[in-house]
Amino acid sequence: ILKYADDYKNSFFTTFVDVIWNLDKPKNQKWFKNNKDIWADMFDDDFKMELVQNKRIAGFTEFALEIANSIKYNWVKAKALLSIAQKTDDIDKALKIANSIEDDWDKAEALSSIIQKTDDKKLLNKALEITNSIKDNWYQAKALLSIVQETDDKELMNKALEIANSIEDN
């Protein structure tokens, strides 16, 4: 029975890697989704983290997010989501990913990286709103500084200043 289990696991792993490396094919995308219960339990968080950081999956944000969200440990999941947010070209989607990060350091890092990719006032306002969800004062200040450095819009700067003034010294 153990040999069969090992053979199955090795066969499944080989298929999984082939699917990941060829995600541009619809049949592989379907296989990925249909077998999520299996691969989500079979592979450990470190392996999933490596997958998320792999250049091959960078263009497939939806699939990278599925892998990241199957990670059990929050600190590893936060790092995976940070990696995805930094690689995502769609700024609005990247901000949504950043907002889903629970760890303040990783959320601030994601915001700092994403903000550098845009000067769109609407997106910068959205980033500013996300900074309000950062509980740690130092990381919140770091994210605010990144936003202020990317804009010369007075209204946005005033909002950032308002948030900065609400940060208490610890």
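Residues T88 and K117 approach most closely at O-NZ, 3.2 Å, considering heavy atoms. The two atoms that bring D103 and A78 nearest to each other are CB-CB, 3.8 Å, heavy atoms only. Taking each heavy atom of A143 and S112 in turn, the nearest pair found is CA-OG, 4.4 Å. Minimum interatomic distance between L111 and A98 (heavy atoms only, all atoms of both residues): CD2-CB, 4.3 Å. Here the closest heavy-atom approach between residue A80 and residue I71 is recorded as CB-CD1, 3.7 Å. Summarising the geometry of A40 relative to K72, their closest heavy-atom pair is O-NZ, 3.9 Å, with the distance given to 0.1 Å.
Under a 3.5 Å cut-off, the side chain of T131 and the backbone N or O of L128 do form a donor-acceptor pair. Between the side chain of D104 and the backbone N or O of K135, at least one donor-acceptor pair lies under 3.5 Å. T118 places no side-chain N or O within donor-acceptor distance of the main-chain N or O of I114, the cut-off being under 3.5 Å. Here the side chain of K107 pairs a donor or acceptor atom with the backbone of I101 at under 3.5 angstrom. A donor-acceptor pair under 3.5 Å links the side-chain atoms of S100 to the main chain of I97, judged by distance alone. The closest donor-acceptor contact from the side chain of K87 to the backbone of L82 lies at 3.5 Å or more, if one exists at all.
Side chain to side chain, K36 and S70 fail the donor-acceptor criterion of an N or O pair below 3.5 Å. Side-chain atoms of S113 and Q86 form a donor-acceptor pair, as typed in the model, at a separation below 3.5 Å.
I20 and I84 fall within the same hydrophobic cluster, where Ile, Leu, Val, Met, Phe, Trp and Tyr residues are linked whenever their side-chain heavy atoms come under 4.5 Å apart, directly or through other members. Cluster annotation: W39 is not connected to V76 through the hydrophobic network of ILVMFWY side chains, with a link wherever side-chain heavy atoms come within less than 4.5 Å. Cluster annotation: V19 and V17 are assigned to the same hydrophobic cluster (Ile/Leu/Val/Met/Phe/Trp/Tyr, side-chain heavy-atom contacts under 4.5 Å, transitive).
Separation of atoms CG (D46) and CE (M49) is listed at 9.0 Å; rounding is to 0.5 Å. Here the CD1-CD1 distance, from I134 to I167, works out to 9.0 Å after rounding to the nearest 0.5 Å. Once rounded to the nearest 0.5 Å, the distance linking CD1 of I147 with CD of Q116 reads 11.5 Å. Between the CE atom of M157 and the OG1 atom of T151 there is a distance of 7.0 Å, given to the nearest 0.5 Å.
Annotation: ring pair (Phe, Tyr, Trp, His ring centres under 6.0 Å) contacts of W31 (sequence neighbours excluded): F12. With sequence neighbours left out, the ring pair (Phe, Tyr, Trp, His ring centres under 6.0 Å) criterion links F60 to no other residue.
Partner D18 forms a side chain to side chain donor-acceptor pair (under 3.5 Å) with one of N22, T15, T14 and no other, that one being N22. When F43, W21, F63 are each tested for a ring-ring contact (aromatic ring centres under 6.0 Å, His included) with F16, only one passes: F43.
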* Could you go through the side chain to side chain contact (heavy atoms under 4.5 Å, CB included) check for L124 and D153 one step at a time? => CA-CA 10 Å; L124 290 172; D153 182 88; over 6 Å; no
* Check the pair T61, K93 against side chain to side chain donor-acceptor pair (under 3.5 Å), reporting the backbone distance first and the verdict last. => CA-CA 9 Å; T61 305; K93 184 178 278 187; 5.3 Å; no
* To do: Step by step, work out the side chain to side chain contact (heavy atoms under 4.5 Å, CB included) result for L65 and L81.
  => CA-CA 7 Å; L65 283 171; L81 291 170; 3.6 Å; yes
* To do: Take K121 and E150 through the salt bridge (charged side-chain N to carboxylate O under 4.0 Å, His left out) test and state the conclusion after the steps.
  => CA-CA 10 Å; K121 183 179 176 181; E150 292 301 318; over 6 Å; no
* To do: Report the C-alpha separation of E66 and K33 in whole Å, then their side-chain angles, then the decisive distance to 0.1 Å, and conclude whether the side chain to side chain contact (heavy atoms under 4.5 Å, CB included) test is met.
  => CA-CA 9 Å; E66 283 196 48; K33 288 185 180 280; 2.8 Å; yes
* Start with the C-alpha distance between I130 and L95, add both sets of side-chain angles, then the distance that settles side chain to side chain contact (heavy atoms under 4.5 Å, CB included), and finish with yes or no. => CA-CA 8 Å; I130 295 170; L95 287 170; 4.0 Å; yes
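Between Q149 and I115, every side-chain heavy-atom pair lies at or beyond the 4.5 Å cut-off. The shortest distance between side-chain heavy atoms of M42 and F47 does not fall below 4.5 Å. Proximity of Q140 to I163: side-chain heavy atoms (C-beta onward) are separated by under 4.5 Å at one or more points. E109 places none of its side-chain heavy atoms less than 4.5 Å from the side chain of Y139.
The environment of W75 atom CH2 is sparse: at most 12 non-hydrogen atoms of other residues, nucleotides or ligands sit within 6.0 angstrom. Atom CG of N158 is surrounded by more than 12 heavy atoms from other residues, nucleotides or ligands within 6.0 Å. More than 12 heavy atoms of other residues, nucleotides or ligands lie within 6.0 Å of CG in D41, so this atom counts as buried by the packing criterion.
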